[in-house]
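For reference, the structure discussed in these notes is given below.
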Protein chains: 2
Amino acid sequence: MIETKNKILDTAERLFGENGYDATSLRQIIAAAGVNLAAIHYHFGSKEELLDELVLRKAQPVNQLRIALLDKVLAEAGSGRPPLERVLDAFLGPMSDAADQNPQFVRVMGRLHAEGLLPSIVQRHFQPLFHRLQAAIQRALPDLPEQELLWRMHFMFGAMAHTMCGTPDSTGILKGGVAFHERIERLIAFLSGGFRAPLPKSVAVEIEVG
Amino acid sequence: MIETKNKILDTAERLFGENGYDATSLRQIIAAAGVNLAAIHYHFGSKEELLDELVLRKAQPVNQLRIALLDKVLAEAGSGRPPLERVLDAFLGPMSDAADQNPQFVRVMGRLHAEGLLPSIVQRHFQPLFHRLQAAIQRALPDLPEQELLWRMHFMFGAMAHTMCGTPDSTGILKGGVAFHERIERLIAFLSGGFRAPLPKSVAVEIEVG
DNA sequence: GTCTATACTGAGATAGAC
DNA sequence: GTCTATCTCAGTATAGAC
């Protein structure tokens, strides 16, 4: 029954978002969904593949939108430089919209990134998007050396993942309940400053010399 | 025997660093350390308390150095503004040094942050440091509203954690093996730009109005 | 005080009956 | 397609040897 499969997906999405992937057992999921334990392994094969399908189901439309927006920003720039803020917004905005509509999913994604079991899943579902994003930022900042660009994208992913996660207050200072689009607006301002920052001294020297 | 306890700590540190906390079972640890399973619960009480003691053992000296350096930077600035880069270096430098000497520990910390089971441990071991750091950055950037400062520190922690983690190549682009002090130098340049960035539009408007 | 042996509960996975 | 029964391995708890 396809209904069984969807019930499992919906329930897992809710529970993963509430308690995290590791902390949610398959037995909790089947109890809440009212299905049998073996049904999960029949439909998905394993807990990890269930997660994989869950991510795919929700991330694909968001990522398609991101790619479309990135292409639009590049097209509008013609042969000139696209504004960095607009590039970052094309990447971060769709996630923020999806999050404000359905906080559950983004919390799942944030939690997953926070749990570190992403690598394989990130690789499969986000690789093409990352390459487009890299190209777009490079167009916005043509003078930034590629190595430095990659590091700065790396910093961006860290900040983004940490920000998506429902708990911006590991320090206990910030209160929760801030709308995602506000977080993202702050994040874009921060990241823009970071991407535009002067090169670190030793890297700048290497370039002068080499 | 205190030797048993240290053997457990050393072995756990290595295995947590290599494979992560969740992925490392107590049975792996005792096998590699050549001790009995119950010894862990005798000396530590639980897997989580073992982790807690492990973090404390290594983080405490690093954090004390960080606090001392922050105080030094502030003292040298007198009543003026301390340079932001020096504040960030006082915070990130000691970790980078510790990492270049003993990559294992910082990989553990990065992995832990990446696994998201930090909250309680972060709270206990890092809270006082965070408050000092906040005060120092505020002194360096007195015009930055506090709410915005807290968000930007939040972004910083995300980028930092992601950077410490041994796998800077979740995108598959960056190669590993980059010295920590180089990563940190790049990170400081990026963060400095982020902290100095102009306020996001809606936040800036709120301030004008209010 | 330290450590060993062993048992308990709950996790994910699987084989096979229906 | 679905469910029962069972397997292995996890973290944890305890009784008792030295």
Side-chain angles (χ1 to χ4, degrees), chain A residues 1-57 108 111-112 114-121 124, chain B residues 1-57 108 111-122 124:
Chain A
M1 191 73 124
I2 195 147
E3 204 197 330
T4 303
K5 193 171 172 177
N6 281 332
K7 254 196 295 192
I8 294 173
L9 280 171
D10 292 337
T11 309
E13 185 172 322
R14 181 169 60 80
L15 293 178
F16 286 167
E18 287 171 7
N19 309 319
Y21 173 80
D22 278 326
T24 304
S25 74
L26 295 183
R27 284 167 173 85
Q28 282 176 272
I29 297 172
I30 60 134
V35 302
N36 185 273
L37 176 58
I40 291 186
H41 290 96
Y42 174 75
H43 284 289
F44 303 97
S46 70
K47 188 182 180 183
E48 197 171 322
E49 286 170 284
L50 162 61
L51 174 64
D52 194 79
E53 191 150 337
L54 198 155
V55 169
L56 181 65
R57 186 175 72 149
V108 175
R111 281 219 176 247
L112 289 184
E115 284 179 82
L117 36 92
L118 249 338
S120 63
I121 290 182
R124 259 212 299 299
Chain B
M1 191 74 123
I2 194 148
E3 204 199 329
T4 302
K5 194 170 171 175
N6 281 331
K7 251 194 298 191
I8 294 172
L9 281 170
D10 292 338
T11 309
E13 186 172 318
R14 181 170 60 79
L15 292 178
F16 287 167
E18 287 171 7
N19 309 319
Y21 173 80
D22 278 326
T24 304
S25 74
L26 295 183
R27 285 166 173 87
Q28 283 176 269
I29 297 172
I30 58 133
V35 301
N36 185 273
L37 177 58
I40 290 186
H41 290 94
Y42 173 76
H43 286 288
F44 303 99
S46 70
K47 188 182 181 184
E48 197 171 325
E49 287 169 283
L50 162 61
L51 174 64
D52 195 81
E53 192 150 334
L54 196 155
V55 170
L56 181 65
R57 184 175 74 147
V108 175
R111 281 221 175 242
L112 288 183
H113 199 115
E115 283 179 84
L117 36 92
L118 248 340
S120 62
I121 290 182
V122 162
R124 261 209 299 299

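- Toward the 5′ end of DNA chain C lies the nearest nucleotide of B:Leu37, the other residue of the pair B:Leu37 and A:Lys47 mapping further downstream.
- In this structure, B:His43 reaches the C:dC3 phosphate: one of its side-chain N or O atoms is under 4.0 Å from OP1 or OP2.
- Taking the charged nitrogens against the carboxylate oxygens, A:Arg57 and A:Asp10 do have a contact shorter than 4.0 Å, which makes a salt bridge.
- Taking side-chain N and O atoms only, A:Asn36 has a distance below 4.0 Å to OP1 or OP2 of D:dT4.
- Side-chain contact check for A:Leu50 versus A:His43: every heavy-atom pair is 4.5 Å or farther apart.
- Taking atom CG on A:Asp22 and atom P on C:dG10, their separation rounds to 19 Å, with Å as the unit.
- Classification of A:Lys47 and A:Asp52 as a salt-bridged pair fails, no side-chain N sitting under 4.0 Å from a carboxylate O.
- Side-chain proximity of B:Ala38 to C:dG12, C:dT4, D:dG11: nearest is C:dT4.
- When each of A:Ile2 and B:His41 is assigned the nucleotide of DNA chain D bearing its nearest heavy atom, the one mapping closer to the 5' terminus is A:Ile2.
- Closest to the side chain of A:Ser25, from the set D:dT4, C:dG12, D:dT2, is C:dG12.
- B:Leu9 places a side-chain heavy atom less than 4.5 Å from the side chain of B:Phe44.
- Distance A:Ile40 CD1 to D:dT2 C1': 13 Å, rounded to the nearest Å.
- The side chain of A:Thr4 lies closest to D:dT2 when the candidates are D:dT2, C:dG12, C:dT4.
- Taking atom CD1 of residue A:Ile29 and atom P of nucleotide C:dA13, one finds them 11 Å apart after rounding to whole Å.
- Note: CD (A:Glu3) to P (D:dG1) measures 14 Å, nearest angstrom.
- For a distance-only test at 3.5 Å, the side chain of A:Arg27 fails to qualify as a donor-acceptor partner of the base of C:dG10.
- With distances taken from any side-chain atom of A:Tyr42 to the nucleotides D:dG1, C:dC3, C:dG12, the minimum falls on D:dG1.
- A:Leu26 places its CG atom 15 Å from the P atom of D:dC3, with the value rounded to the nearest Å.
- Ion pair B:Glu18/B:Arg14 flagged as a salt bridge, since at least one NZ, NE, NH1 or NH2 atom sits closer than 4.0 Å to an Asp/Glu carboxylate oxygen.
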